[in-house]
Structures are given as structure tokens and as C-alpha cells.
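One structure below.
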Amino acid sequence: MKTGIMFGILLTILNNRKVKREYLAEKFEISTRTVARHVDTLCEAGVPIITMRGVNGGYMIADDFKLERSFFTKDELHRLLTCLNATATSFDGQNYDLIEKLKHIGAVKENEKYLLKTDTLIIDVGTWTNPQNYRGKIEAINKAIDGDFTVNMAYTDNKDHYTVRDFDPYCLVLKEGVWYTYGFCHKRNDFRLFRLTRISNLKLTENKFVRRESDVYEKLNGSFDDQSLVEVEFEFFSTARSEIEEWLGVEAISERGTTYIAKASLYGGNLLINKLLSFGSSIKILKPQALKEELLIECNRILRRY
């Protein structure tokens, strides 16, 4: 009961700009001296409660303090809400406010499925067809970034070469709709970008790393997987327009009769071939000739598979 009252006092102060000691004593049916003891305990636990003296005084919490969402696990919240609901009638509705606040905390934890969520921007790391895609890897890498822990991982590069290496992750990167992690690679003794889809068997180690001076933006301004830029021009039908606009932007597209033309400088290799194949018969490569031949070779490989 003592812990429940203490948590209730904390939530009450959090939800109000300033709370008088007498108000807390009346609300929780305890003495003002007991309120003071609970507040002292909260301060000892690291909660920055400020005591304002005088007629207009009361308890306040520093503006930058937030109750950590990790304060309760999902199972703990479920058990706590079950207990509170079960005893609701015994306390004549006094549990209602606490139940609603805990439900709110639970709802916030549910939103942790998003990597980033604000009022104006939401980044969901899942895909439409596989909502859990990436989330496990990103959660593990985020833990490593926050704690400066080295990870051990297997990586398959664009040439299908499989290696196992230790890696110090510095940050996550989203570029051209693809997720990467940037940091220091022990195997190469240099900073690298790794595509999350090519990472497997990702494990956090107990080894802490010290951050070195680096510049992720220098990597982002260069090329990935040492691919060179290719000047690409292709024709496509209106059925593919929305997807191509999302990929290349409207400025890369022009109308030509009943069809559309897209022109862009793109990195070549398997990534480009696979992207173009995803549009099926909706597009036709015009330039360069080498790209047309690569696509034709891959299409013939597909036909032979069937």
C-alpha cells in the first residue's frame, strides 16, 4: 500500500504544475508528515521534486523530468491493471484515476513499435506485409548504441560473400527507403555502413567500446558497396507512376505522348536490377544499352527457372 500511495503522489505531482502537501494528504487520506516522508523517499530515488515554501508553496517536479516508459514491463502493467480492476469496487471508485493513467502508459508502450513517433512525424520500421520486419534488429542495435556495446554479427555482402565480424554501432541510417547501421568494423578496422537486411545472427556482447571520431555524412555522400552511378532513362505506363514518383521524385519524370519518361543518375548493380524488375512489364529501359542487356540476361535466368 505504501508503494501504491507513493506512486500515486508521483503521478499527481507529474500531472499538475504544483501540488500542495495538504491536497496530497487529503487525497490519499494520510497525514502531511507522511506525505513529506513519501516525497523524501522519491527524492532519494532520483525524482527531482522541488519543495516551494510559503503560502503559495507546494511540490513541483523539474520540467525536464519524464517518467520512464520502461518503469513497467508490459506484463507488469497487465498484472497491475488486473489487480486494480479486481479491487475497484472495494475502494468505491478511488482506483479509477490510477487505472486510466496506467492504461495511458501501456498505450505509450504499444507505440514503441514505431522507431520514431511525434505529433508531426512517424517512422514505422515495419513493412505493410511484415510489420515485424527490422524491428528485432533495430531494437538490438539501439540497445548497443545506447550502451556503447559491441555487437557480433554475420553479414552477406552484395557479392554473396558471408563473413562474421564484431561491429561498434554508432547510429541507424534510413536512405532511399533502405535501413543501414553505421559504425566501426573490427574486421576492416574502419568505419562502414551495413544494410540491415544483410545482417543475420546479431548478438550483443558484453564488450564496451569507446567512440572514435568519425563522420557518417561523409559515408552518406559517397557510394554504397563501391557501385558507380549510371545515367538511366526508361519509359513507363501510368500504372507505375505513383511508385516511380515515390522512388525518383516528380522532377525526374516527364510526359511523352501516352507514356512517361524517367531520367535519373542511379547506382548500378543488383540493387538497381532488382528494383527495375519489381515494375514488371510496366517499364522499358531506353538507356544505357548495358543496363538493357543486364535486365535481359536476368529475365532469361528467370525463364529458365520455370
Would a single hydrophobic cluster contain both L202 and L174, if residues Ile, Leu, Val, Met, Phe, Trp and Tyr are joined by side-chain heavy-atom contacts under 4.5 Å? yes

Could you measure the distance from the CD atom of E44 to the CD1 atom of I49? Nearest 0.5 Å is fine. 11.0 Å

Supply the atom-to-atom distance L24 CG to H38 NE2, rounded to the nearest 0.5 angstrom. 10.5 Å

Would you indicate whether the side-chain heavy atoms of M153 and R165 approach each other to under 4.5 Å? yes

Distance from K292 atom NZ to I285 atom CD1, nearest 0.5 Å? 9.0 Å

Are F236 and F279 close enough that their ring centers fall under 6.0 Å? no

Please determine whether the number of non-hydrogen atoms from other residues, nucleotides or ligands lying under 6.0 Å from atom NZ of K20 exceeds 12. yes

Nearest-0.5 Å distance that lies between atom CG in L266 and atom CG in L276: 7.5 Å

The test is side-chain contact (heavy atoms from CB on, under 4.5 Å); show your working for R198 and F194 and say whether it passes. CA-CA 8 Å; R198 296 178 182 166; F194 293 105; over 6 Å; no

Would a distance-only check, ignoring hydrogens and angles, find a side-chain to backbone donor-acceptor pair under 3.5 Å from T181 to C171? yes

Nearest heavy-atom approach of S31 to A25 is C-CB, 4.0 Å

Side-chain donor-acceptor contacts of residues 295-306 below 3.5 Å, not counting sequence neighbours, with atom names and distances?
from: E298; atom 1: OE1; to: R301; atom 2: NH1; distance (Å): 2.9
from: N300; atom 1: ND2; to: L296; atom 2: O; distance (Å): 3.2

Do K208 and F149 meet the cation-pi criteria used here (NZ or CZ under 6.0 Å from the six-membered ring centre, within 45° of the axis)? yes

Candidate pair I9 and Y59, rule side-chain contact (heavy atoms from CB on, under 4.5 Å), full reasoning: CA-CA 10 Å; I9 289 173; Y59 294 120; over 6 Å; no

Among residues at least two apart in sequence or on other chains, which ones pass ring pair (Phe, Tyr, Trp, His ring centres under 6.0 Å) with Y170? F191, F209

Answer yes or no: are there more than 12 heavy-atom neighbours, outside E22 itself, under 6.0 Å from its atom CD? yes

Side chains of T163 and K187: donor-acceptor distance under 3.5 Å anywhere? no

Heavy-atom pair of closest approach, residues Y180 and K175: CE1-O, 3.9 Å

In short, S281 meets F237 closest at the heavy-atom pair O-CE1, 4.0 Å

CE-CG distance between M6 and D40, expressed to the nearest 0.5 angstrom: 11.0 Å

So, taking the atom named CZ in R211 and the one named CD1 in I145, what distance separates them when rounded to the nearest 0.5 Å? 7.0 Å

Close side-chain approach of K287 and E231, heavy atoms under 4.5 Å: no

Given the rule that I, L, V, M, F, W and Y join up when any side-chain heavy atoms are under 4.5 Å apart, are V232 and L277 in one cluster? yes

Indicate yes or no: at least one non-hydrogen side-chain atom of L196 is less than 4.5 angstrom from one of I141. yes

Between L291 and L286, is there a shared hydrophobic cluster once you connect ILVMFWY residues whose side-chain heavy atoms come closer than 4.5 Å? no

Contact between I13 and V47 at the side-chain level, heavy atoms closer than 4.5 Å - yes or no? no

In terms of heavy-atom contacts, Y155 and R195 come closest through OH-N, 3.1 Å

For the student: nearest non-hydrogen atoms of S200 and Y162, plus distance: OG-CE1, 4.3 Å

Same cluster for I261 and I283 if Ile/Leu/Val/Met/Phe/Trp/Tyr side chains link at under 4.5 Å? no

Taking the side chain from T150 and the backbone from T205, do they hold a donor-acceptor pair closer than 3.5 Å? no

For the side chain to side chain donor-acceptor pair (under 3.5 Å) test, which of R188, H186, R192 pairs with D190? R192

In short, W179 meets I138 closest at the heavy-atom pair CD2-CD1, 4.1 Å

Side-chain donor-acceptor pairs under 3.5 Å in residues 240-260, sequence neighbours left out?
from: R241; atom 1: NE; to: E245; atom 2: OE2; distance (Å): 2.7
from: R241; atom 1: NH1; to: Y260; atom 2: OH; distance (Å): 3.0
from: R241; atom 1: NH2; to: E245; atom 2: OE2; distance (Å): 3.3
from: T259; atom 1: OG1; to: E235; atom 2: OE2; distance (Å): 3.4
from: T259; atom 1: OG1; to: R256; atom 2: O; distance (Å): 3.1

